[in-house]
Enquirer: 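Dropping a structure here in structure tokens format, bear with me for questions.
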Amino acid sequence: MPEGHVTHRLAAGMTERFAGGPVRSTSPQGRFADEAAELDGHRFRSAQAYGKNLFVHIGDRSVHVHLGLLGKLTFAEPDPDTDLRPVVGQIRWRLENDRHYADLRGPQACQLIDAAGITAVTERLGPDPLREDADPDAGWAVVHPSATPIGLLLMDQRVAAGVGNIFRAEVLYRHRIDPTMAGRLLRRAEWDAIWTDLVGLMHDAVVRGRIDTVRPEHDPVATGRAPRVDRHGGEVYVYRRADQPCLVCGTPVRTKEFGGRNLFWCPRCQRTSRRRVPVGSSAR
DNA sequence: TCTGGATGTTCAT
DNA sequence: TGAACCTCCAGAG
């Protein structure tokens, strides 16, 4: 489930379980064996998330993890009687201490990285709504002059690091914005509202461990329509609800490949008729 | 048992 | 713009 909230949860989970003590580091699958051996026995210092990137600091080394579309990092505790820690599936990296172990499977990136490398990664990223130091102006600077549709811009990690396909679809729905509208037609006030909403939704997702975007006033009980709990575990308005009725207006939700990913939106709720705004105007 | 899809990104053309 | 890569699981047959 790798949107930004997942990475932040994992960073917190790793820090909680391992920080301060030595860790055993192995690569049961073998593809990270040499690097894992370099970390073995050293003290786990911290884990930090930036967007969908996870940086794990052990001893004087750091590891860069990116889960990609398929990667998973899971926590488990050994059997209390036998201390059994079964190896299930392809485990790229296992980190463990006496009480816990963490297994990383199928990551897009898992590699040792130095300070310059970390800087290079984070400099490619825009503001992360889950970080205190996030500056939404940096995202606006990408969106504001762009002729690219807002539905594509929101997947650009320079606009908002950590936003993925679910948050893109849901936040645009919540603000009734047509995903095909050019970024430069978005008003500053709308961007500010989107940003504020992302901050709230993503923080909420970190706490809950799932993405819930359906607001109480549109609760299925109130609308009389069945709730949609997606396979990712959360309640959503449009994500993966193609051809099903919009929870608010009943119009069938549409889907289309957009930016190489399936976008979902309500063609009725998300109609934005707007005249072209000249690039450079404040558009407030 | 097999196939296709999936919350992502990078690289080659 | 499309292919490649990584792994798991739901659904079809």
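Lettering of chains follows the sequences in order, A, B, ..., and the numbering in each one begins at 1. All values below come from the heavy atoms of this structure, side chains included, with hydrogens, waters and symmetry mates left out. All values derive from a computational prediction rather than experimental measurement.
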Enquirer: Please tabulate, for the side chains in residues 253-261 of chain A, all donor-acceptor contacts under 3.5 angstrom to protein atoms that are two or more places apart in sequence or on a different chain.
Expert:
| unit_1 | atom_1 | unit_2 | atom_2 | d |
| --- | --- | --- | --- | --- |
| A:Thr255 | OG1 | A:Leu263 | O | 3.0 |

Enquirer: Residues of residues 103-112 of chain A with any non-hydrogen atom less than 4.0 angstrom from an atom of DNA chain C: list those, numerically ordered, please.
Expert: A:Arg105, A:Gly106

Enquirer: Apply side chain to side chain donor-acceptor pair (under 3.5 Å) to A:Arg174 and list each qualifying residue two or more places apart in sequence or on a separate chain.
Expert: A:Asp197

Enquirer: Determine the contact category for A:Glu170: base if any of its heavy atoms lies under 4.0 Å from a base atom, sugar-phosphate if only primed atoms, P, OP1 or OP2 are that close, otherwise nothing.
Expert: nothing

Enquirer: Rounding to the closest angstrom, what is the interatomic distance between B:dT10 and C:dC8 at atom P?
Expert: 23 Å

Enquirer: With a 3.5 Å distance limit and no angle check, can you tell me whether A:Glu170 reaches the backbone of A:Val238 through a side-chain donor-acceptor pair?
Expert: yes

Enquirer: Between N or O atoms, less than 3.5 Å apart, protein on one side and nucleotides 11-13 of chain B on the other: list the pairs.
Expert:
none

Enquirer: Distance-only check: which donor-acceptor pairs under 3.5 Å involve side-chain atoms of residues 30-44 of chain A, not counting sequence neighbours?
Expert:
| unit_1 | atom_1 | unit_2 | atom_2 | d |
| --- | --- | --- | --- | --- |
| A:Glu38 | OE1 | A:Arg61 | NH1 | 2.3 |
| A:Asp40 | OD1 | A:Ser25 | N | 2.8 |

Enquirer: Which pairs with one or both residues in residues 111-121 of chain A pass salt bridge (charged side-chain N to carboxylate O under 4.0 Å, His left out), sequence neighbours excluded?
Expert: none

Enquirer: Quick one: A:His64 NE2 to B:dG8 C1', roughly how many Å, whole number?
Expert: 12 Å

Enquirer: Tell me every residue that passes ring pair (Phe, Tyr, Trp, His ring centres under 6.0 Å) with A:Tyr50, counting only those two or more places apart in sequence or in another chain.
Expert: none

Enquirer: Figure out the CZ/C1' separation between A:Arg124 and B:dT9, and round it to whole Å.
Expert: 10 Å

Enquirer: Please report, rounded to the nearest Å, how far the P atom of C:dC6 is from the CG atom of A:Leu69.
Expert: 14 Å

Enquirer: Please state how far atom CD1 in A:Ile211 lies from atom P in B:dA6, giving the value in whole angstrom units.
Expert: 15 Å

Enquirer: Please report, rounded to the nearest Å, how far the C1' atom of B:dT7 is from the CD1 atom of A:Ile166.
Expert: 4 Å

Enquirer: If I take atom CG in residue A:Asn262 and atom C1' in nucleotide B:dG4, what distance separates them, rounded to the nearest angstrom?
Expert: 12 Å

Enquirer: Go through the structure and list residues passing ring pair (Phe, Tyr, Trp, His ring centres under 6.0 Å) with A:Tyr101, not counting sequence neighbours.
Expert: none

Enquirer: Kindly state each residue pair satisfying side chain to side chain donor-acceptor pair (under 3.5 Å) with at least one member in residues 151-165 of chain A, sequence neighbours excluded.
Expert: A:Asp156-A:Arg158, A:Asn165-A:Arg168

Enquirer: Could you state the CG-C1' distance from A:Leu67 to C:dC6, rounded to the nearest angstrom?
Expert: 11 Å

Enquirer: Would you kindly give the CG-to-C1' distance between A:Leu70 and C:dA4, to the nearest whole Å?
Expert: 12 Å

